[in-house]
Amino acid sequence: MSFVCKEWIRRFAVGALAIVITIPAGLMAQSDHVVSPADLQRQAAALTQTRQQNIGKVRSFLSSPTAEQTMQKAHIDSGQVKAAIPNLSDDELAQLAARADKAQRDFAAGYLNTRDIALIILGVVVIILIIVIAS
């Protein structure tokens, strides 16, 4: 290779290196994320809040005097059932919370009597225990 060609390659390499070094790293990195970190944090916080609300709804439902009496008559440890609630998945919690809300609304509206609500409570307790035992 001739001296001129080597010199030209050397100058080109130095020039390219100078350009790469002077460009800020932020311009070379991908700065347009599909979802921003702040959005991800807000979404995670919303999911956590929803999960806590669902846990509260199911615990509240199972803490009612009717639920306590029903579990006691069925020889089910209410503490064990309530302790198992956080072990449920988000989907399972959402379904149980929706059923508990509906049962409480129907009971308050007079659509359900005490026997019906007791059966629903036992159903919810059995579902929780099966899910926890299976996992």
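Remember, predicted model here, so these are calculated numbers, not experimental data.
Ion pairing between Lys73 and Glu68 fails under the 4.0 Å rule for side-chain N and carboxylate O.
Taken to the nearest 0.5 Å, the CD atom of Gln69 stands 9.5 Å off from the CD1 atom of Ile121. For the atom pair CD1 of Ile120 and OG1 of Thr70, the computed distance is 10.5 Å after rounding to the nearest 0.5 Å. A distance of 8.0 Å separates CG in Leu112 from CZ in Phe107, rounded to the nearest 0.5 Å. With values rounded to the nearest 0.5 angstrom, Leu47 atom CG is found 12.0 Å from Gln52 atom CD.
What you find for Asn54 and Ala97 is that their closest heavy atoms are OD1-CB, 3.5 Å. When all heavy atoms of Leu93 and Ile55 are compared, the pair lying nearest together is CD1-CG1, 3.5 Å. Contact between Ala83 and Pro86 at its shortest, heavy atoms only, is O-CD, 3.3 Å. When all heavy atoms of Ala84 and Ile128 are compared, the closest pair comes out as CB-CG2, 3.9 Å.
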Check your understanding: Would Val81 and Val132 count as a side chain to side chain contact (heavy atoms under 4.5 Å, CB included) if you check the C-alpha gap in whole Å, the side-chain angles of each, and the deciding distance to 0.1 Å?
Key -> CA-CA 9 Å; Val81 173; Val132 170; over 6 Å; no
Check your understanding: Checking side chain to side chain contact (heavy atoms under 4.5 Å, CB included) for the pair Leu62/Met71: CA distance, chi angles, key distance, verdict?
Key -> CA-CA 9 Å; Leu62 295 176; Met71 287 187 277; 4.2 Å; yes
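Grouping the Ile, Leu, Val, Met, Phe, Trp and Tyr side chains by contacts below 4.5 angstrom, directly or via other members, places Ile131 with Leu129.
Within the structure, side-chain hydrogen bond (donor to acceptor under 3.5 Å, both in side chains) pairs that include any residue of residues 106-133 comprise Lys102-Asp106 (at least two apart or interchain).
With contacts defined as side-chain heavy-atom distances shorter than 4.5 Å, the pair Arg99/Ile127 qualifies. Considering only heavy atoms from C-beta on, Phe61 stays 4.5 Å or farther from Thr66 through its side chain.
By the 4.5 Å side-chain criterion applied to Ile, Leu, Val, Met, Phe, Trp and Tyr, Val126 is assigned to a cluster that also includes Ile130.
Counting non-hydrogen atoms of other residues, nucleotides and ligands closer than 6.0 Å to CD of Gln72 gives a total of 12 or fewer.
No donor-acceptor distance shorter than 3.5 angstrom exists from the side chain of Gln95 to the backbone of Glu92, with no hydrogens or angles considered.
Of the candidates Val124, Asp101, Asp91, Val124 is the only one forming a side chain to side chain contact (heavy atoms under 4.5 Å, CB included) with Leu96.
Every residue two or more places apart in sequence or in another chain that forms a salt bridge (Lys or Arg N to Asp or Glu O under 4.0 Å) with Arg51 is listed here: Asp90.
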